[in-house]
Amino acid sequence: MNRPFDVTAVEEKWQARWLDEGTYEVDNDDPRERYYALTMYPYPSGTAHQGHVRNYVFGDLVVRYQTMLGKAVLSPYGFDSFGLPAENAAIKAGSHPRLYTEARMHELKTSVRRLGAVYDWRREVYSHDPEFMKWSQMIFLAFLKNGLAYRAEAQVNWCPGCMTVLANEQVLADGTCERSGDLVVRRFLEQWYFKITDYAEELLDSLGPLEWPERVKTMQRNWIGRSEGVEFDLPLAYDATKALRVFTTRPDTGFGVTYAVVAPEHPLLSMLTTDDERARVEEIVLRASNTTEIDRTSSSSEGIGLEKRGAFTGSFVINPFTKEKVPVYVADYVLGNYGTGAIMAVPGEDERDFEFATVHALPIVRTVQPPTGFVGNAYSGDGEHVNSGFLNGLDVANAKTKATEFLGANANGVSKVNYRLRDWLVSRQRFWGCPIPVVYCDDDGIVPVPEDQLPVLAPDDVIMDKTGQSPLATHSGFLNTTCPICGKPARRETDTMDTFTDSSWYYLRFTDPFTPGMAFDPVEAAKWLPVDQYIGGIEHAILHLLYVRFYLKALDDIGFSPGLPREPFQRLFTQGMIRLSGSKMSKSKGNLIAPEEYYETVGADGLRLFHLFAGAPGDDLDWTDQTNEVVEGCGRFIDRFYRLWHFYDVNFHDVADETDHSVRQATHRTIARVTNDLNRWSYNTAVAAIMELYNTVSKVARSDEGIERSTLNEALDTLAMLLAPMTPHVTAELWEERYPDRASVHALPWPVADQTLVAEAAVIMVVEVNGKVKSRLSVAPTINEADATAAALADPDVAAVLKGATPTRVIARPPRMVNIII
RNA sequence: GCCCGGAUGGCGGAAUUGGCAGACGCGGAGGCCUCAAAAGCCUUUACUCGAGAGGGUGUGUGGGUUCGAGUCCCACUCCGGGCACCA
């Protein structure tokens, strides 16, 4: 592009100045109103791509805009620097993950600075910083001490590609690993867990008041999965002193229970299984524990048929409603770790039970009358109860109440709320993460590493081949230690923590990384929290945003950070994803679209303006062949503004006239529009409003009649201020050029619209006849109904259509339109 | 299967409470400047009938409410995302 100024020189000059002068550093004792603007700290995967760019452009606009609104804005930056890709890359390159990661961090930082995004770099944090690790480990130990971290053997998700276990949240719906795409298998392992389930209720209830996108809240609600029901006993037919405990949300359908099912992992399964059935039952159990998640969860139509997925145990239980004997089956469609791991099966009202009953020839009884014309098998809607003894005639809600009372009196029934959410598995069998700071001693058991020995750091000379075992376990120098209590030889924990533990508290560290001996001073943190605006990708809707909420609540409860709110992020904005000609952007596809080439052509300002202008911030953005032309168009707009600022082709006149007045009105209406748009995350329309004002002013200034000098200056100054958070370099440069003795444009207060000028501008009123537009009149915005009607009827164009006919009705909505019905 | 979004010119997208559909930009067409080009500037650009004045049609499809619907209601189609044996 042929630019009227040296874009690179100007941008580098201002980037250096903001950095050197600490323009966007903010102290904790700043007296101004506080504003915490946070973009999700990135995983350092290399140079920035357009996804980063879009994120930081939005974030930087918030920082600069809020600063101009007079606030002390906390704008920190850091890196989510632990994680598998670095470890895998290091294995491949025969290097160390730290070297690899720090090189990537440097690249990303350079890229972000070149974008003109401003941060308080004194507050930079990164997960693998030993000082940060120390506090990550302290938090772990605090959780351990307070019963929020525990060790348990359970069936876990094992990813053969990543050679490590995964949290439930990291396994996709099709049973593959969200990172490597490998099929996840199930293994029994002893692992560390965080007790996030203790917070299920609060995590659900406190979502309500958060100013988050509704769909993110919905995703979290679904993930937590609250369900109300009843837990009760099904006594064994041959021994009424023993019982199978089940959970149901539909106690009202109890008369339709024709069998019961236990999960393959159920502790009573072996006792329930008779010798005749044992072989078939064991086949089910074996299959459930050895196969991949995808096989187990695949529907009956594909994969393995239902008849092979369940078997009769040989035992019977008594249905407390009918007092009849019903068979107990084992089937993998019942999960061992939800509810009681056993269910009452009601094929008449539950689709899964219906399918299973059909395949295994079990009786099906309808207990709720479906509406006439109902097609389908199981009916789960509302209706009158039938075949249900004392529940007959009741609707579902009333029958539930009555059935619950009955179970309470006859089957040890209790109302119960269950959650789908499971405890957070935090152990990872990998090297490049924060070591779990405990020691195993034969005499003293699990012993926390004493605080004065933290952080526990991994040695550098660890072999990181993929054996499926923690790399740290192969390093005898690390593994072998002494027990902090008895001094006898002991073994270190060799697993590291899930990297989501780092991102669960990094924003707290940002508020105060300065106070020695503390992760952060809660008093300082309390001044900044909750985060006023959090910005990031929708892909973190569940994982990160659920864990981080749990952490803050837990830290408060164990007294780690007294005085903080219990929710970290008051407002959340999730930007759309960038696609390349329709496909998802990813490193493996090599379609990341580096910003560097754009820095050289349209500059950071041009690229920033493009991201703000091209579509609503929350919508996905498709990067196509045409996109480059739009980016260039944004660069051209900056050039046009630059020329007008230098009065290129402008004609002046001396005394302000009506045209000047209308320019002033446009200027102030634009201030009002842009301010409103910025507050409602409508950046694309804010840019459009700015372009419109430019077009208006440019047209008048370049007409033969010309423009009055102060009118033009007011419009230009306003444009510079409105553009300042969007295109910070060029506006700073132009401002300094014209006003070398004044404060920088970025230090100015945000312009305020003169309401008189905004209000008095004439508006166009539409006159319709029978709903069709026949004329347009320029009227005062304050015009009343009678005057609007009179003006409409007096209009010659309207009269020509009416041809003397008398209107049957006139609808006036001043000042927008009048509709005459004839 | 369930739950959320979305569908508007050649393209990206505007239209905040039911009131001028297509703001703003990209692309296209024509012109000015120039020896020529680039850059810049001006005009034009939903479709359609018409020489013109002017008329008709038009926001995924089909209905409805209303003086008036891109916007509200009902039914459906397609696209995107999330969840999916959670009893």
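What you see is a predicted model, and the numbers here were worked out from it, not measured in a lab. Here is how names work: the chains are called A, B, and so on, in the same order as the sequence lines, proteins then strands, and each is numbered from 1.
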Quick one: [X] [atom1] to [N] [atom2], roughly how many Å, whole number?
X: Ile538(A); N: C83(B); atom1: CD1; atom2: P; value: 11 Å
X: Asp677(A); N: A14(B); atom1: CG; atom2: P; value: 11 Å
X: Met219(A); N: C4(B); atom1: CE; atom2: P; value: 14 Å
X: Asn628(A); N: G27(B); atom1: CG; atom2: C1'; value: 14 Å
X: Phe356(A); N: A87(B); atom1: CZ; atom2: P; value: 19 Å
X: Phe637(A); N: G40(B); atom1: CZ; atom2: P; value: 14 Å
X: Arg420(A); N: C3(B); atom1: CZ; atom2: P; value: 16 Å
X: Arg680(A); N: U17(B); atom1: CZ; atom2: C1'; value: 13 Å

Pairing residues for [X] by the side-chain contact (heavy atoms from CB on, under 4.5 Å) criterion, not counting sequence neighbours:
X: Asp233(A); value: Ala243(A), Arg245(A), Asn412(A)
X: Asp350(A); value: Arg352(A), Asp353(A)
X: Thr249(A); value: Ser227(A), Phe247(A)
X: Met219(A); value: Ala541(A), Ile542(A)

Any strand is fair game: report the nucleotide pairing with [N] by Watson-Crick or G-U wobble, both distances under 3.5 Å, or none.
N: A87(B); value: none
N: U77(B); value: A7(B)
N: U16(B); value: none
N: C47(B); value: G56(B)
N: A37(B); value: none
N: U71(B); value: none

Using atom [atom1] in both nucleotides, what's the gap between [N] and [M] to the nearest angstrom?
N: G54(B); M: U45(B); atom1: P; answer: 15 Å
N: G10(B); M: G27(B); atom1: C1'; answer: 8 Å
N: U16(B); M: A23(B); atom1: C1'; answer: 14 Å
N: U71(B); M: U66(B); atom1: C1'; answer: 13 Å
N: G30(B); M: C76(B); atom1: C1'; answer: 45 Å
N: G63(B); M: A69(B); atom1: C1'; answer: 14 Å
N: G1(B); M: C73(B); atom1: P; answer: 24 Å
N: G22(B); M: U57(B); atom1: C1'; answer: 15 Å

Specify the closest pair of heavy atoms between Asp677(A) and Ala686(A), including all atoms of both residues, with the distance to one decimal.
OD2-N, 3.3 Å
Nearest heavy atoms of Ala759(A) and Pro781(A), plus distance in Å
O-CG, 2.9 Å
Regarding Ala616(A), tell me which of base, sugar-phosphate or nothing describes its non-hydrogen contacts under 4.0 Å with the strands shown.
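Touches sugar-phosphate only.
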So what does Lys699(A) hit on the nucleic acid, given a heavy-atom distance under 4.0 Å: a base, only sugar-phosphate, or nothing?
sugar-phosphate
Residues 807-822 of chain A, side-chain donor-acceptor partners within the protein, below 3.5 Å, at least two apart:
from: Thr808(A); atom 1: OG1; to: Ile821(A); atom 2: O; distance (Å): 3.1
from: Asn819(A); atom 1: OD1; to: Gly771(A); atom 2: N; distance (Å): 3.0

Nearest-nucleotide wise, let me know which of Arg215(A) and Gly615(A) is further upstream toward the 5' end of RNA chain B.
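Of the two residues, Arg215(A) wins.
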Starting at the 5' end of RNA chain B, which residue's closest nucleotide do you reach first, Ser682(A) or Thr249(A)?
Ser682(A)
Any salt bridge between Asp639(A) and Arg3(A), counting N to O under 4.0 Å?
yes
Produce the list of close N/O pairs, under 3.5 Å, pairing protein atoms with atoms of nucleotides 54-58 of chain B; give distances to one decimal.
from: U57(B); atom 1: OP2; to: Lys772(A); atom 2: NZ; distance (Å): 3.3

Selection from A87(B), G40(B), U16(B) that lies nearest to any side-chain heavy atom of Tyr338(A):
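Nearest listed nucleotide: A87(B).
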Assign G9(B) to syn or anti; the rule is syn for a glycosidic angle within 90° of 0 and anti otherwise.
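It is syn.
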What class does the angle between the rings of Phe641(A) and Phe637(A) fall in, given that below 30° is parallel, 30 to 60° is tilted and above 60° is perpendicular?
parallel
Evaluate the ring planes of Trp681(A) and Phe573(A), with Trp represented by its six-membered ring, and classify them as parallel (under 30°), tilted (30 to 60°) or perpendicular (over 60°).
parallel
What side-chain hydrogen bond (donor to acceptor under 3.5 Å, both in side chains) pairs are there with at least one residue in residues 250-263 of chain A, not counting sequence neighbours?
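side-chain hydrogen bond (donor to acceptor under 3.5 Å, both in side chains) check on residues 250-263 of chain A returns Arg250(A)-Asp252(A), Asp252(A)-His385(A), Tyr259(A)-Tyr333(A).
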Apply salt bridge (Lys or Arg N to Asp or Glu O under 4.0 Å) to Lys217(A) and list each qualifying residue two or more places apart in sequence or on a separate chain.
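Salt bridge (Lys or Arg N to Asp or Glu O under 4.0 Å) check on Lys217(A) returns Glu214(A).
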Check whether any side-chain nitrogen or oxygen of Tyr648(A) sits under 4.0 Å from OP1 or OP2 of G40(B), and answer yes or no.
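No.
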Between the protein and nucleotides 18-25 of chain B, which nitrogen or oxygen pairs come in under 3.5 angstrom?
from: G19(B); atom 1: O6; to: Arg813(A); atom 2: NE; distance (Å): 3.1
from: C20(B); atom 1: O2; to: Arg776(A); atom 2: NE; distance (Å): 2.7
from: C20(B); atom 1: O2; to: Arg776(A); atom 2: NH2; distance (Å): 3.4
from: A23(B); atom 1: O2'; to: Glu692(A); atom 2: OE2; distance (Å): 2.9
from: G25(B); atom 1: OP1; to: Asn695(A); atom 2: ND2; distance (Å): 3.2

